[in-house]
Protein chains: 2
Amino acid sequence: MNYAHIKYTRNVKDMSPRLILDSKKMLYDKVHVMSQSDNETTFAIGELAREFDITPRSIRFYEEQGLLSPTRTGQNRVYLNKDRVRLKLILRGKRLGFSLAEVKTLFDMYDSNPNSAVQLEAMLEMSEQKRAVLNQQLEDIQMLMTELDDVETRCREELAELKRGKIA
Amino acid sequence: MNYAHIKYTRNVKDMSPRLILDSKKMLYDKVHVMSQSDNETTFAIGELAREFDITPRSIRFYEEQGLLSPTRTGQNRVYLNKDRVRLKLILRGKRLGFSLAEVKTLFDMYDSNPNSAVQLEAMLEMSEQKRAVLNQQLEDIQMLMTELDDVETRCREELAELKRGKIA
DNA sequence: TTACAGGTTTACGTTAACGTTAATTACATT
DNA sequence: AATGTAATTAACGTTAACGTAAACCTGTAA
C-alpha cells in the first residue's frame with residue numbers, strides 16, 4: 001500500500017462516481033440504459049477498469065486473490081453483472097480500510113453453505129465487529145469534519161484580514 | 001500495511017477507548033485526575049504506547065517521519081500533552097485511511113506561517129478535498145451498515161429455523 | 001498484410017508502515 | 001552486586017497491493 005486514497009482523490013477531482021456512471025450510461029453505453037440489472041450484458045476487463053478508474057492489473061490481482069472468478073471466451077476474461085457488483089463491493093471495502101483478505105473472508109462466508117449454524121454464528125460475530133469499526137470511523141469522521149469547519153472559518157477570516165490590508 | 005484495522009479490532013474487543021482512558025485515570029494515573037489538559041504532565045514512550053495500543057516502535061517511526069518531535073531527558077524521549085494530542089490525531093487519520101505523509105502535510109500546513117495567503121488557500125483546497133473523501137466514506141459506511149442489517153436479520157431467521165428443528 | 005488496440009501470462013520491482021533482532025545504557029529493586 | 005524493567009540506535013526483514021516490463025496472441029480496420 002497505500003495508493004488507495006490517491007486513486008480515490010483522482011476520482012473526486014474529476015467527478016462524483018454516480019455522475020460518472022450516469023453520463024457513461026447516457027452517452028456511450030446505450031445497452032445499459034434499458035435495464036439496470038441486466039443479467040445478459042458482459043464486460044471486458046478494460047471496460048470495468050475504466051468505469052471504476054483502476055487498472056486491469058488490479059482486477060486480475062483481485063481474481064488471483066480469489067475475489068473474482070470471471071468466465072472466459074478463449075483466453076479473454078468475461079465479466080458478468082454479478083462480477084461487476086463484486087468489484088464494486090471490493091472497492092467500497094477498500095475505501096473503508098478493509099484488506100483484500102478481509103473482503104475475501106466476508107465473500108467466502110456469504111457464499112459458503114449458509115445452512116451451517118457455525119457459519120451463521122461466525123457471520124454474526126464478524127458482522128458485529130465490523131459494525132463497531134464502522135461506528136468508530138463515523139465518530140472519527142464527525143470530529144474531523146468539525147475540525148475542518150474550524151480551520152476553514154479561521155482561514156477565511158485571516159484571508160479577509162489580508163485583503164483589507166491590515167497586514168500586507 | 002495493513003495492520004491498522006487489526007490493531008483496532010483488538011482495541012474494540014477489549015473496551016472502548018474512553019473507558020480505557022477513564023479507568024486508567026481513576027486507578028493508576030492519579031496525577032491526571034486533577035486537570036484534563038494538564039500542560040505540565042509528561043509521558044514516557046511506553047505510557048503512550050499502552051494508552052493507544054501501539055508499539056513504541058511505531059511512535060519512534062512517526063517521529064522519524066517528522067510527525068512528532070518530543071523533547072529529551074538525557075537520551076530518553078519525553079512527550080508533552082501536545083505531543084499526545086498529535087499522536088491521537090495521527091491515529092485518527094490512519095483509521096480513516098490517510099497515509100502518514102498526508103497527515104504530515106496537514107500538520108505542516110497547520111504549523112507553518114499562517115500569514116501567507118498562499119498557505120491559506122492551499123489549506124482551504126486540501127480541506128475541501130478531504131471533505132469530499134469523508135463524505136464518500138460516510139456514504140460507503142451507510143450502505144455497508146444497511147447491508148449488515150440485512151445479513152443479520154437473514155442470519156437470525158435461519159438460526160431460528162434451525163433451532164425449531166425444521167432442518168436438523 | 002500490416003498495424004494496432006486490446007487482451008494474455010510470467011516474473012521481478014516498489015512503497016508504506018512498521019516488525020524484529022542485536023547490542024547498549026540506565027535507573028530501581030532485591 | 002545482581003537482576004529486572006524500560007529505554008536507546010542501527011539495520012535488515014516483511015507484507016499488502018499493486019506497478020512495470022517483456023514476450024506473446026488475436027480480431028479488425030486501413
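Both backbone and side-chain heavy atoms feed into the values below; hydrogens, waters and symmetry mates do not. Every chain is numbered from 1, with letters handed out A, B, ... down the list of sequences.
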N/O to N/O distances under 3.5 Å, protein versus nucleotides 5-8 of chain D:
{"residue": "D/dA7", "atom": "OP1", "partner": "B/Gly46", "partner atom": "N", "Å": "2.7"}
{"residue": "D/dT8", "atom": "OP1", "partner": "B/Arg77", "partner atom": "N", "Å": "3.0"}
{"residue": "D/dT8", "atom": "OP1", "partner": "B/Arg77", "partner atom": "NH1", "Å": "2.9"}
{"residue": "D/dT8", "atom": "OP2", "partner": "B/Arg60", "partner atom": "NE", "Å": "2.9"}
{"residue": "D/dT8", "atom": "OP2", "partner": "B/Arg60", "partner atom": "NH2", "Å": "2.6"}
{"residue": "D/dT8", "atom": "O5'", "partner": "B/Arg77", "partner atom": "NH1", "Å": "3.3"}

**OP:** Return yes if a side-chain donor-acceptor contact under 3.5 Å exists between B/Asp140 and B/Gln136, otherwise no.
**Re:** yes

Original post:
Does the ring of A/Phe107 carry A/Arg86 above it, NZ/CZ under 6.0 angstrom from centre and within 45° of its axis?
Top reply: yes

**OP:** Report whether A/Met143 and A/Leu138 are members of the same hydrophobic cluster (ILVMFWY, side-chain heavy atoms less than 4.5 Å apart, transitive linking).
**Re:** no

Subject >> Stepwise side-chain contact (heavy atoms from CB on, under 4.5 Å) check, A/Leu87 with A/Phe52 >> reply: CA-CA 9 Å; A/Leu87 181 52; A/Phe52 294 109; 3.6 Å; yes

Between [N] atom [atom2] and [X] atom [atom1], what is the distance in whole Å?
X	N	atom1	atom2	result
A/Lys104	D/dT15	NZ	P	19 Å
B/Phe52	C/dA17	CZ	P	19 Å
A/Arg57	C/dG13	CZ	P	14 Å
B/Glu64	D/dT9	CD	P	10 Å
A/Phe98	D/dA16	CZ	P	17 Å
B/Ile59	C/dA17	CD1	C1'	14 Å
B/Phe61	D/dT14	CZ	P	17 Å
A/Glu63	C/dT8	CD	P	8 Å

Short side-chain N/O contact from [X] to OP1 or OP2 of [N], under 4.0 Å:
X	N	result
A/Tyr62	D/dA17	no
B/Lys94	C/dC18	yes
B/Thr55	C/dC18	no
B/Ser58	C/dG19	yes

**OP:** Heavy atoms only: give me the nearest B/Ile54-B/Tyr62 pair and the separation to one decimal.
**Re:** CD1-CE1, 4.5 Å

**OP:** May I ask you to decide whether A/Glu63 forms a salt bridge with A/Arg72, counting only side-chain N to carboxylate O separations under 4.0 Å?
**Re:**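 So A/Glu63 pairs with A/Arg72 through a salt bridge.
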
**OP:** Run the salt-bridge test on A/Glu161 and A/Arg164 with the 4.0 Å N-O cut-off and return the result as yes or no.
**Re:**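 So A/Glu161 pairs with A/Arg164 through a salt bridge.
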
